[in-house]
Amino acid sequence: MIILQALQSFLEGYEGMELRPLGEVLTDLTRAQPPSYSLAPAGGGVATQDVTGNRYYTSRYHFFALECAVDEADRAESYDFLEAVAGWLEDQEDKGNYPELPGRYCVVAMAVQYATLYDISQNGAGLYEVQIELTIKKEVAPYG
């Protein structure tokens with residue numbers, strides 16, 4: 001849960017959210033009415049272990065955005081917003097700026113897949129998804 005919370009806080013720091021007030025990134029589910037955002041873990045596991053014993057994990061997440069999708073303009077605006085979020089995440093990767101994790105854990109890489117329309121409800125709310133993948137290093141405990 002610590003990694004999830006760190007990523008939620010990291011996403012809340014995206015300055016472009018001022019255009020669309022993020023408020024908060026919930027866990028797993030969005031609120032019933034747009035706009036609403038959530039982050040859901042999507043699996044992962046131990047990817048590799050180096051010669052010193054450090055472990056590298058892959059941890060995947062779905063960033064969901066519930067937005068109005070009634071007409072073409074709404075859908076285009078939602079994609080523009082989510083492409084901007086994904087672009088910001090890519091920029092953070094380029095800068096080596098990652099969510100901060102506690103203890104012996106640190107993020108060493110981040111990848112993102114651009115937005116797709118995941119679902120649309122009868123009331124015209126569209127649930128969009130951006131996939132985020134973190135590579136996390138767990139450093140070996142020091143001897144002594």
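Sequence positions, counted from 1, serve as the residue numbers for this chain.
- Counting heavy-atom neighbours within 6.0 Å of R104 CZ, excluding the residue itself, gives a total above 12.
- Side-chain atoms of S36 come within 3.5 Å of backbone atoms of R31 as a donor-acceptor pair (strictly under, hydrogens ignored).
- Residues passing the salt bridge (Lys or Arg N to Asp or Glu O under 4.0 Å) test with E83, sequence neighbours excluded: none.
- Counting heavy atoms from C-beta on, the side chains of V140 and T52 never come closer than 4.5 Å.
- With Y37 as the fixed residue, the side-chain hydrogen bond (donor to acceptor under 3.5 Å, both in side chains) test singles out one of Q8, E12, E24, E67: E67.
- Residues satisfying the salt bridge (Lys or Arg N to Asp or Glu O under 4.0 Å) criterion with R60, sequence neighbours excluded, are E133.
- Note: K138 NZ to L101 CG = 12.5 Å, rounded to the nearest 0.5 Å.
- Residue Y56 is not grouped with residue V107 when hydrophobic side chains (ILVMFWY) are merged at heavy-atom distances under 4.5 angstrom, including chains of intermediate members.
- Cluster membership for L26 and F10, using ILVMFWY side-chain heavy atoms within less than 4.5 angstrom, is not shared.
- If you take CG on D80 and CZ on R75, they are separated by 13.0 Å, rounding to the nearest 0.5 Å.
- Minimum interatomic distance between E90 and V112 (heavy atoms only, all atoms of both residues): CG-CG1, 3.4 Å.
- Side chains of S38 and L29 form no contact here, defined as non-hydrogen atoms less than 4.5 Å apart.
- Put simply, CD1 on I3 and CG on L134 are 7.5 Å apart, with the number rounded to the nearest 0.5 Å.
- Taking each heavy atom of E100 and A6 in turn, the nearest pair found is O-CB, 3.5 Å.
- Contacts classified as salt bridge (Lys or Arg N to Asp or Glu O under 4.0 Å) and involving residues 45-58 (residues at least two apart or in different chains) are not found.
- When hydrophobic clusters are built by joining Ile, Leu, Val, Met, Phe, Trp and Tyr residues whose side-chain heavy atoms come closer than 4.5 Å, directly or via intermediates, L66 is not grouped with V130.
- With a 4.5 Å cut-off on side-chain heavy atoms, D28 and P41 count as touching.
- Not a single side-chain hydrogen bond (donor to acceptor under 3.5 Å, both in side chains) links Q122 to another residue, sequence neighbours left out.
- Cluster annotation: Y61 and W88 are assigned to the same hydrophobic cluster (Ile/Leu/Val/Met/Phe/Trp/Tyr, side-chain heavy-atom contacts under 4.5 Å, transitive).
- Residues L39 and L117 fall within the same hydrophobic cluster, defined by Ile, Leu, Val, Met, Phe, Trp and Tyr side chains chained together at heavy-atom separations under 4.5 Å.
- The distance from atom CG of L7 to atom CD1 of I132, rounded to the nearest 0.5 Å, is 5.0 Å.
- The ring pair (Phe, Tyr, Trp, His ring centres under 6.0 Å) contacts involving residues 96-135 comprise F64-Y118, Y79-Y128, where partners must be two or more places apart or lie in separate chains.
- With contacts defined as side-chain heavy-atom distances shorter than 4.5 Å, the pair V25/F63 qualifies.
- Note that the CD atom of E129 and the OG1 atom of T116 stand 5.0 Å from one another [nearest 0.5 Å].
- With sequence neighbours excluded, the residues satisfying side-chain contact (heavy atoms from CB on, under 4.5 Å) with S121 are N123, A125.
- By the 4.5 Å heavy-atom criterion applied to side chains, L11 and L89 are counted as neighbours.
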